[in-house]
Q: 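Here it is: the structure, laid out below.
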Amino acid sequence: VRPIEEALREVGLPYVVIGGMAFFDRKEVKDLLAYLRLCQNPRDEISLRRIINYPTRGIGVSSLDRLDEEAKAKGISLYEAAAAAARGEVASLPPKAAGALVGFVELIERYRARFVAGELLGPASELVEELKLREDVFKNQDDAVLGHRKAENLDDLLESIQRFSARRARD
């Protein structure tokens with residue numbers, strides 16, 4: 001089903017998957033896509049909220065609320081507030097959360113620079129490895145078979161990125 005979903009999405013045709021979950025609606029796929037979107041567009045608040053504490057890094061709901069307040073008070077994006085907190089400019093944030101934001105912002109900026117340079121597959125694959133996303137999907141499953149399927153979904157998404165890159169290079 002995934003190749004058909006990809007083709008429909010590419011041309012902008014809506015579709016419904018009957019009898020199962022659409023590939024792009026699976027949590028592990030959405031999580032990786034959120035990282036990729038945030039690297040492409042740090043103003044993507046939906047993606048930021050999805051991944052700011054995934055995998056768990058010590059940025060809880062109250063810390064996110066404080067960042068949100070900071071962003072609104074200063075008229076900046078949530079990501080800009082996170083970057084300010086990483087620089088120690090948000091006094092209301094607990095030190096543990098501020099420290100976690102340092103690593104998060106550095107990660108996003110490092111991969112963002114690579115994506116802006118036009119690379120796709122290499123950085124996406126390295127992001128999966130660095131975040132240990134395959135290990136995380138196994139760790140959070142009681143059923144090893146399901147964990148394996150979720151890890152395969154990450155690999156399938158990387159294959160989709162590879163195909164997209166190849167098409168883009170041809171065009």
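Note that the coordinates shown come from a computational prediction; the quantities given were computed from them, not determined experimentally.
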Q: In Å, rounded to the nearest 0.5 Å, how long is the span from CG of Leu127 to CD1 of Ile108?
A: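 These two atoms lie 7.0 Å from each other.
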Q: List the residues meeting side-chain contact (heavy atoms from CB on, under 4.5 Å) with Glu70, not counting sequence neighbours, and say none if there are none.
A: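 Lys74, Ala81, Val90.
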Q: Locate the shortest heavy-atom distance separating Cys39 from Arg112; write the atom from each residue and the value.
A: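 In terms of heavy atoms, the two residues are closest at O-CG, 2.9 Å.
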Q: Quick check for you: to the nearest 0.5 Å, what is the distance between Met21 atom CE and Arg26 atom CZ?
A: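 Reported to 0.5 Å precision, the distance equals 7.5 Å.
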Q: Please output the side-chain donor-acceptor pairs of residues 157-164 that fall under 3.5 Å, not counting sequence neighbours, one pair per line with the distance.
A:
{"residue": "Ser160", "atom": "OG", "partner": "Glu6", "partner atom": "OE2", "Å": "2.2"}
{"residue": "Ser160", "atom": "OG", "partner": "Asp156", "partner atom": "O", "Å": "3.2"}
{"residue": "Ser160", "atom": "OG", "partner": "Arg163", "partner atom": "NH2", "Å": "3.3"}
{"residue": "Arg163", "atom": "NH2", "partner": "Glu6", "partner atom": "OE1", "Å": "3.1"}
{"residue": "Arg163", "atom": "NH2", "partner": "Glu6", "partner atom": "OE2", "Å": "2.9"}

Q: Tell me which one of Leu33, Leu32, Asp31 satisfies side-chain contact (heavy atoms from CB on, under 4.5 Å) with Val29.
A: Leu33
Q: Are side-chain heavy atoms of Tyr15 and Ile4 found at a separation under 4.5 Å?
A: no
Q: Decide yes or no on side chain to side chain contact (heavy atoms under 4.5 Å, CB included) for Gln141 and Lys150, but give the supporting numbers first.
A: CA-CA 9 Å; Gln141 295 302 316; Lys150 288 179 173 284; 3.3 Å; yes
Q: Please check if the side chain of Asn53 supplies one atom and the backbone of Gly58 the other of a donor-acceptor pair under 3.5 Å.
A: yes
Q: Test: side chain to side chain donor-acceptor pair (under 3.5 Å). Region: residues 79-88. Which pairs qualify, not counting sequence neighbours?
A: Ser77-Glu80, Tyr79-Glu109, Arg87-Glu89
Q: What are the two closest non-hydrogen atoms of Ser165 and Leu120, and how far apart are they?
A: OG-CD1, 3.3 Å
Q: Indicate the atoms forming the closest heavy-atom contact of Arg66 with Pro94, along with that distance.
A: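 Between these two residues, the closest heavy atoms are NH1-CD, 3.1 Å.
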Q: Using the rule side-chain hydrogen bond (donor to acceptor under 3.5 Å, both in side chains), only one of Glu106, Glu130, Glu126, Gln40 pairs with Tyr111; which is it?
A: Glu130
Q: Side chains of Leu78 and Leu64: closer than 4.5 Å at any heavy-atom pair?
A: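 Leu78 reaches Leu64 side chain to side chain.
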Q: Check side-chain hydrogen bond (donor to acceptor under 3.5 Å, both in side chains) between Lys96 and all other residues, then give those that pass, not counting sequence neighbours.
A: none
Q: Are Lys30 and Phe24 close enough, and set up right, to give a side chain to side chain contact (heavy atoms under 4.5 Å, CB included), and what steps lead you there?
A: CA-CA 6 Å; Lys30 284 181 157 186; Phe24 292 98; over 6 Å; no
Q: Could you go through the side chain to side chain contact (heavy atoms under 4.5 Å, CB included) check for Tyr35 and Arg50 one step at a time?
A: CA-CA 9 Å; Tyr35 268 102; Arg50 181 176 190 91; over 6 Å; no
Q: Take Thr56 and Asp136, measure what side chain to side chain contact (heavy atoms under 4.5 Å, CB included) needs, and give me the verdict at the end.
A: CA-CA 10 Å; Thr56 304; Asp136 189 73; over 6 Å; no
Q: Hydrophobic clusters here meaning ILVMFWY residues chained together by side-chain heavy-atom distances under 4.5 Å, can you tell me if Val102 and Leu131 are in one?
A: no
Q: Holding to side-chain hydrogen bond (donor to acceptor under 3.5 Å, both in side chains), I want the full list of residues that pass it with Glu45, two or more places apart in sequence or in another chain.
A: Arg49
Q: Taking a hydrophobic cluster as the set of Ile, Leu, Val, Met, Phe, Trp and Tyr residues connected by side-chain heavy atoms closer than 4.5 Å, whether directly or through intermediates, do Ile46 and Leu38 fall within one such cluster?
A: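 No, Ile46 does not connect to Leu38 through the hydrophobic network.
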Q: Any chain of hydrophobic side-chain contacts (each under 4.5 Å) joining Ile76 to Leu101?
A: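 No; Leu101 is not reachable from Ile76 via cluster members.
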Q: Assess whether atom CZ of Arg149 is packed by more than 12 heavy atoms of other residues, nucleotides or ligands within 6.0 Å.
A: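 Not buried by this count: 12 neighbours or fewer within 6.0 Å.
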Q: CG of Leu13: more than 12 outside heavy atoms within 6.0 angstrom?
A: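 Enclosed.
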Q: Please check if the side chain of Arg134 supplies one atom and the backbone of Leu154 the other of a donor-acceptor pair under 3.5 Å.
A: no
Q: For the residue pair Lys27 and Tyr54, would you count it as a cation-pi contact if the rule is NZ or CZ under 6.0 angstrom from the ring centre and within 45 degrees of the ring axis?
A: yes
Q: Would a hydrophobic clustering, with Ile, Leu, Val, Met, Phe, Trp and Tyr connected at side-chain separations under 4.5 Å, put Phe23 with Val17?
A: yes
Q: For Ile18, which fellow cluster members are found when Ile, Leu, Val, Met, Phe, Trp and Tyr are connected by side-chain heavy-atom distances below 4.5 angstrom, either directly or through intermediates?
A: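 Reading the cluster by chain and number, Ile18 sits alongside Val16.
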Q: For Arg57 and Ile52, indicate whether the former's side chain and the latter's backbone hold a donor-acceptor pair under 3.5 Å.
A: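 Present.
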Q: Test of understanding: clusters of I, L, V, M, F, W, Y form through side-chain heavy atoms closer than 4.5 Å, transitively. Do Leu107 and Leu93 belong to the same one?
A: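 Yes, because Leu107 and Leu93 connect within a single hydrophobic cluster, where side-chain heavy atoms sit under 4.5 Å apart.
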Q: What pair of heavy atoms forms the shortest contact from Ser47 to Ala34, and how long is it?
A: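 That closest heavy-atom pairing would be CB-O, 3.4 Å.
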Q: Calculate, to the nearest 0.5 Å, the distance between atoms CG and CZ belonging to Leu48 and Arg37 respectively.
A: 13.0 Å
